[in-house]
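Please read these numbers as outputs of a predicted model, since none were measured by experiment. Each chain gets a letter, A, B and so on, in the order the sequences are listed, and its residues count up from 1.
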Number of protein chains: 2
Amino acid sequence: MVSRIVLENAPVKAVNLAWGQEDSTFKLVDAEVPAVKDGELRIKPLYLSNDPTQRGWIAAGQDPKRSYVPPILKGEPIRSLGLGEVLESKSDKYVVGDVVTGLLNWSQELVIPEASVSTKIDKLLPYEWYLSAIGLTGLTAYFGLKKVGQLKEGQTVLISAASGATGSMAVQLAKHFFKASRVVGIAGSADKCKWVESLGADYCANYRDADYQKKLDEFIGDEHFDVYFDNVGGEMLDFALKRTKRYGRVIACGAISGYNDRAKLAVNSWTEIISNRLTVQGFIVFDFASEIPEAVGDIVSVIKAGKVKPEGGVHVEDLSGLKNPLEKVPEVWFRLFTEEKPQGKLLTKLA
Amino acid sequence: MVSRIVLENAPVKAVNLAWGQEDSTFKLVDAEVPAVKDGELRIKPLYLSNDPTQRGWIAAGQDPKRSYVPPILKGEPIRSLGLGEVLESKSDKYVVGDVVTGLLNWSQELVIPEASVSTKIDKLLPYEWYLSAIGLTGLTAYFGLKKVGQLKEGQTVLISAASGATGSMAVQLAKHFFKASRVVGIAGSADKCKWVESLGADYCANYRDADYQKKLDEFIGDEHFDVYFDNVGGEMLDFALKRTKRYGRVIACGAISGYNDRAKLAVNSWTEIISNRLTVQGFIVFDFASEIPEAVGDIVSVIKAGKVKPEGGVHVEDLSGLKNPLEKVPEVWFRLFTEEKPQGKLLTKLA
């Protein structure tokens, strides 16, 4: 028997992190680990990736036909990207002792099909990179800028949630790999903005300033953006649509503003898309699966050249010393949606 | 001196069509026609095109830096696409007696630079076609489907405002030129829907039915649309985004739902763009200017083959018998925004 967290109540609005209440979102259970069958692996998660998109996976009222992954149902384990060690293998591709990334869940141990593995770690690069700079976060920033935003050398880009896991990689890649002439970020505190600027942004606006839009306008003058990398949606998107150049491109990556209240996602500047002939495109990393090896090579090259700092953008919450680390897992994850959200990528170390 | 209509008060919400009131939108004035200079033409408008986009040109509170054309200011003539006869020419390209289409205004006579002319009429095709099927309306439908929607043979398409000038051409071209396997329209009455179906739509939903979405769903079953041609925005767009397939395309052409109340333009399904990786793109015909001759050829070919009926889609309001036809011009134009909106393209005949 192992510890595992399952969904107890799909949240309609707020998440309830407390255990054992009538409307608790999560439940900690003891679960059997089934026997490993052909093509399967038994995995011990070492690190969990904390991602805003998981909030969508557990939200109530989703249409399974329209969701990009099946919603997590009551009683099902909470899926999470992660990095784990292979304890047992009936796969031809992986042996005991391999460390892999893939779609895991909030469990002490679990059995997964080999198809759920994304990468086998080569152990020459730090584990954390595989869940940040060259994991889904870094790849999302890379493909967003390259394939969706089609950012070219000398162009200008605006990036929201710029101190977040994806945003901070987007800032660095835009400046140091794609060679944008101007990179402007939007983040949620003066400290975060200072950090975003240290990563290479020419300017970062703190959206908690009532007049952040005015300050951003003063910085950019009449030079609007060729590309907007949207991680936020709602009012900030409205503002950004009005600051995107004619024929500009909008990378529709995330909508963190609406995770707790969908009403905040209302977009009121749709007509900007028409009058300024903008192109808006949604995507996920796996739309560009065949190009992942090239992307990883590109990202590793700028890290090794000392231009992109993955370490500075990774915050690891180490729970490995606790008796049952899983107990704290939801709380750490939920920081993504609070003032305690750290800069860059938030990882949970379980063992 | 000639009669001319100028902007008196840029409407904040409703248009006031009455003459001579404090908040009248328009004013009828007597204007001097200036001497014709080199490169200019004196034109007598014979037909005016009535277009929803003119509502945007006169709206209050526009940002001139963001508008796709300069807003019309107080005292300026009301710009309109139209067809007119050359009365005097100091242009090498046009002679007296030529009939041309171009950017005119609501005047008995006016002087325009030759650059404002779009087409010289060859007089072998009906005048009305040049302001409908092969004018901006038909070209908007054509380029929207071809370049923005990238509609392919055998795909499915949903078209809003399907009985409108652009929508009715989009329905016909989608079915008869691009050979979509399924064309579904949305229009505002049972009669209009019947007409849309007569043009080639496989089904048309009447949005005045409270359960039109349910009926449309029953018709399409689980087969969502590859392409959505949006002329409406707002709630209907929200519905359509949820009925667009993964990797589908949205042609952001118009937003007639918001002309009198911008609040109706709020879009609440933005996250569909992300989760289903939709591409949304705005455009105007002139983005594809170099391809207009090919487009006209394509459209004329399906008209001449008897597959597309421009005549059925053109309603001409003939004011030529009136003493001062201009007096009725705003009233005719405003039908676009009322229940009296005719099927297809609404033209005003002045002379």
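The CD1 atom of Ile251(A) sits 12.0 Å away from the CD1 atom of Ile274(B) when rounded to the nearest 0.5 Å. We find the CD1-CZ distance between Ile284(B) and Arg246(A) to be 7.0 Å, quoted to the nearest 0.5 Å.
Residue with the most contacts toward chain A among Asn268(B), Leu237(B), Leu265(B): Leu237(B) (heavy-atom pairs, distance under 4.5 Å).
Proximity to chain B (any heavy atom under 4.5 Å) is shown, for Asp238(A), by neither the backbone nor the side chain. Heavy atoms of Thr271(A) lying under 4.5 Å from chain B belong exclusively to its side chain. With a 4.5 Å cut-off on non-hydrogen atoms, Asn276(B) touches chain A through its side chain but not through its backbone.
Other residues, nucleotides and ligands place more than 12 heavy atoms under 6.0 Å from the NZ atom of Lys245(A). No more than 12 heavy atoms of other residues, nucleotides or ligands sit less than 6.0 Å from atom NZ of Lys214(A). Other residues, nucleotides and ligands contribute more than 12 heavy atoms inside 6.0 Å of the CD atom of Glu291(B).
Nearest heavy-atom pair, Gln281(A) versus Ile273(B), reported as atom, atom and distance to 0.1 Å: C-CG2, 4.4 Å.
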